[in-house]
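The next block holds one structure in the form of C-alpha cells; read it before the comments.
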Amino acid sequence: MEDHLRGSAALAEAFAKVFGAGEVAGYLALVHDVGKGCRAWQDRLIFHAEPLGKPVGIAHKEAGTLLAARTAGRQLAAVVQGHHGGLPDQDAVKDVLAELGVPGLDVERVREATEAVARLVPQIVREDRILPPSRLAGLEPPRRRALALDLIARMVSSCVVDAEYLDTAAHFAGEEPRVAVPADMGMLLERFEQRRARMLAEEALAAAAGVPGMYVLHVPTGGAKTIAAGGFALRHAAQHGLGRVVFAVPYISITQQNADVYRDLLDPAEGEDGVPVVLEHHSSVALDEEDQAGAWARLAAENWDAPVVVTTTVQLFQSLFARKPSVMRKLHRLTGSVIVLDEVQALPDRLLIPILSALRDLVEHFGESVVLASATQHGRGRDRPVRGAAAGQLRMALGAGRHMGIDRARHRR
C-alpha cells in the first residue's frame with residue numbers, strides 16, 4: 001500500500017503540475033486508498049477476495065475523502081470519493097462527510113485505517129490546508145469561479161485516476177509505470193514539413209507564431225484544410241512548448257481520412273526506428289491487433305499518452321463532461337495542448353454554450369490553444385442552421401478568435 005500511495009502521488013503530481021495543481025493532485029492520490037488500511041478490509045482481501053476472486057465488499061474511500069475534505073476542501077474531496085465509481089455531486093459528498101461525523105462502525109474503521117497508514121505514510125495527515133490555484137480568486141461573478149473550480153476538480157480527478165491505473169498496472173506487470181517521454185514537437189514539425197506533398201496554407205503557418213489562445217481556420221473545400229491545420233498545430237506547439245496535438249472531428253469517416261493523412265506525414269516511415277506518433281481513437285478503430293503498433297495504440301488509447309491524437313468530438317467532450325473514471329482518465333492530457341475542432345459548424349447547437357464555456361476555461365487556465373476549423377460558413381451546420389443563443393455564442397467565438405485561414409476578408413485580431 002505504501003508503494004502504491006507514493007507511486008500514484010508522484011505520477012498525479014507530475015501530471016497536474018503543468019496546470020498549477022500538482023500539490024493537491026499529489027495529496028489526493030496519496031490518500032485515495034487510505035481506507036484499505038483497516039483490519040476488516042485487509043482480512044476480507046486475504047481470506048475472501050484473493051482466494052475466491054471476488055470483491056472485498058467493504059467501502060474504503062471514506063477515510064481518504066475525510067482527509068481530503070479537511071486538507072483540500074469538499075469539492076476536491078469528491079475526487080477521492082469518486083475514484084472508482086465516478087465523480088459524485090456535492091450533495092453526495094456532503095452526506096458522506098455528515099455520516100462520518102456520527103459515531104459508528106464506519107467512523108471507527110476510518111480512524112483505524114488513518115492511524116495505521118499514517119505510520120507508513122505520515123504525509124497523509126497535514127495541519128495546513130492546500131488552497132485552490134490563486135488564479136481563481138479574481139474570477140467574477142462567483143458562479144464563474146465555481147465553474148472554473150469544477151473544471152479544475154475534473155482535471156485533478158483525471159490525473160489521480162490515470163496515476164492509480166498506471167501504478168496498479170505497473171505493479172502487476174513488475175515494471176515501471178508506462179508514461180511516454182515528452183513529445184519533441186520540433187522534430188515532428190520537421191518531419192511534417194519534409195513530407196507534405198501539397199501546398200500548405202502559408203497564412204496558417206504564419207499565424208502559429210501568435211500567442212496561445214483561440215484561433216479560427218476557415219478554408220474552402222479543397223483548400224488542404226487538414227494539412228493547414230496540422231501545420232499550424234505542430235508549429236504552434238513547437239514554438240510555445242506545448243506537448244500534444246488533438247484533432248477532433250464529428251464524423252468517423254473524416255476522422256479516419258484525417259488519421260491516414262497525419263500518419264503519412266508524422267509516423268516513422270517503414271524501416272525507420274521509432275514508435276508511432278499518431279493515435280486514432282474512436283468507436284470504429286480496432287485496438288486488438290497483436291503486433292507492436294496495435295499494442296502501442298491499445299495502451300495509448302486508455303489515456304491519450306501520444307503526441308498526436310485524432311479522435312471524434314464525442315470522445316473529446318465525453319472526457320470533458322462525463323463522470324466515469326475510465327472516460328475522464330485522459331482529460332488531463334489536454335493540458336498544454338493544441339486542440340483542433342474540425343467541422344466546427346456541426347457541433348450540436350443545444351450544447352454549444354457548455355462546450356464553448358469549457359473551451360474558454362481550457363484556454364484561460366490550462367494552457368490550451370483551440371482552433372475552430374471549418375470549410376463551411378459559420379452559423380450553419382450540414383443539415384440545418386444553428387439558431388438562437390447558441391448561434392450567437394458560436395459567432396462570438398469565431399469573431400473573437402484570431403483568423404488565419406484563406407478567408408482574408410474576415411481576418412481580424
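Just so you know, these numbers use all the heavy atoms, side chains as well, and skip hydrogens, waters and symmetry mates. What you see is a predicted model, and the numbers here were worked out from it, not measured in a lab.
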Practice item. Applying ring pair (Phe, Tyr, Trp, His ring centres under 6.0 Å), run through H332 and F19 and close with a yes or a no. Key: CA-CA 9 Å; H332 73 96; F19 57 90; 8.1 Å; no
**Study point:** Pair V363-L359, side-chain contact (heavy atoms from CB on, under 4.5 Å): steps then yes or no
**Key:** CA-CA 6 Å; V363 169; L359 292 176; 5.6 Å; no
Practice item. Show your reasoning for whether side-chain contact (heavy atoms from CB on, under 4.5 Å) applies to L217 and L372. Key: CA-CA 6 Å; L217 174 63; L372 306 177; over 6 Å; no
Review point. Can you check side-chain contact (heavy atoms from CB on, under 4.5 Å) on E99 and K94, steps first, answer last?
Key: CA-CA 9 Å; E99 291 174 4; K94 189 186 301 184; over 6 Å; no
Exercise for review: For the pair S157 and L87, evaluate side-chain contact (heavy atoms from CB on, under 4.5 Å) and give the outcome as yes or no after the intermediate values.
Suggested key: CA-CA 8 Å; S157 179; L87 274 180; 4.0 Å; yes
Review point. Does the pair Y215 and S369 meet the rule for a side-chain hydrogen bond (donor to acceptor under 3.5 Å, both in side chains), with working shown?
Key: CA-CA 8 Å; Y215 287 81; S369 283; 5.9 Å; no
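Ion pair E364/R144 flagged as a salt bridge, since at least one NZ, NE, NH1 or NH2 atom sits closer than 4.0 Å to an Asp/Glu carboxylate oxygen. The residues R235 and E193 are annotated as salt-bridged, a charged nitrogen and a carboxylate oxygen being separated by less than 4.0 angstrom. Checked for salt-bridge contact, K61 and D33 miss the test: no charged N lies under 4.0 Å from a carboxylate O. For R119 and E115, the salt-bridge test fails: no basic side-chain N is under 4.0 Å from an acidic carboxylate O. Salt-bridge annotation for R244 and D305: present, with a side-chain N of the basic residue lying under 4.0 Å from a carboxylate O of the acidic one.
By the side chain to side chain donor-acceptor pair (under 3.5 Å) test, D260 pairs with R263, sequence neighbours left out. Applying the salt bridge (Lys or Arg N to Asp or Glu O under 4.0 Å) test to E302 and every residue at least two apart in sequence or in another chain returns R178, R329. For the side chain to side chain donor-acceptor pair (under 3.5 Å) test, residues two or more places apart in sequence or in another chain that qualify with R145 are E140. Here D267 pairs with nothing under the side chain to side chain donor-acceptor pair (under 3.5 Å) rule; sequence neighbours left out. Looking at residues two or more places apart in sequence or on another chain, you find no salt bridge (Lys or Arg N to Asp or Glu O under 4.0 Å) involving D3. Listed by chain and number, the residues in a salt bridge (Lys or Arg N to Asp or Glu O under 4.0 Å) with E50 amount to none (sequence neighbours excluded).
Only one option out of H83, Q81, H4 pairs with H32 in a side-chain hydrogen bond (donor to acceptor under 3.5 Å, both in side chains); it is H4.
Taking the side chain as every heavy atom from C-beta outward, H281 and T312 never approach each other to under 4.5 Å. A 4.5 Å side-chain heavy-atom check between R360 and L356 finds every atom pair outside the cut-off.
Not one N or O on the side chain of E343 forms a donor-acceptor pair closer than 3.5 Å with the backbone of Y251. Between the side chain of S357 and the backbone N or O of P354 there is no donor-acceptor pair closer than 3.5 Å.
Note that CG of L45 is 10.0 Å distant from CD1 of I58, once rounded to the nearest 0.5 Å.
Between Y262 and F247, the two ring planes are parallel [angle under 30°; tilted spans 30° to 60°].
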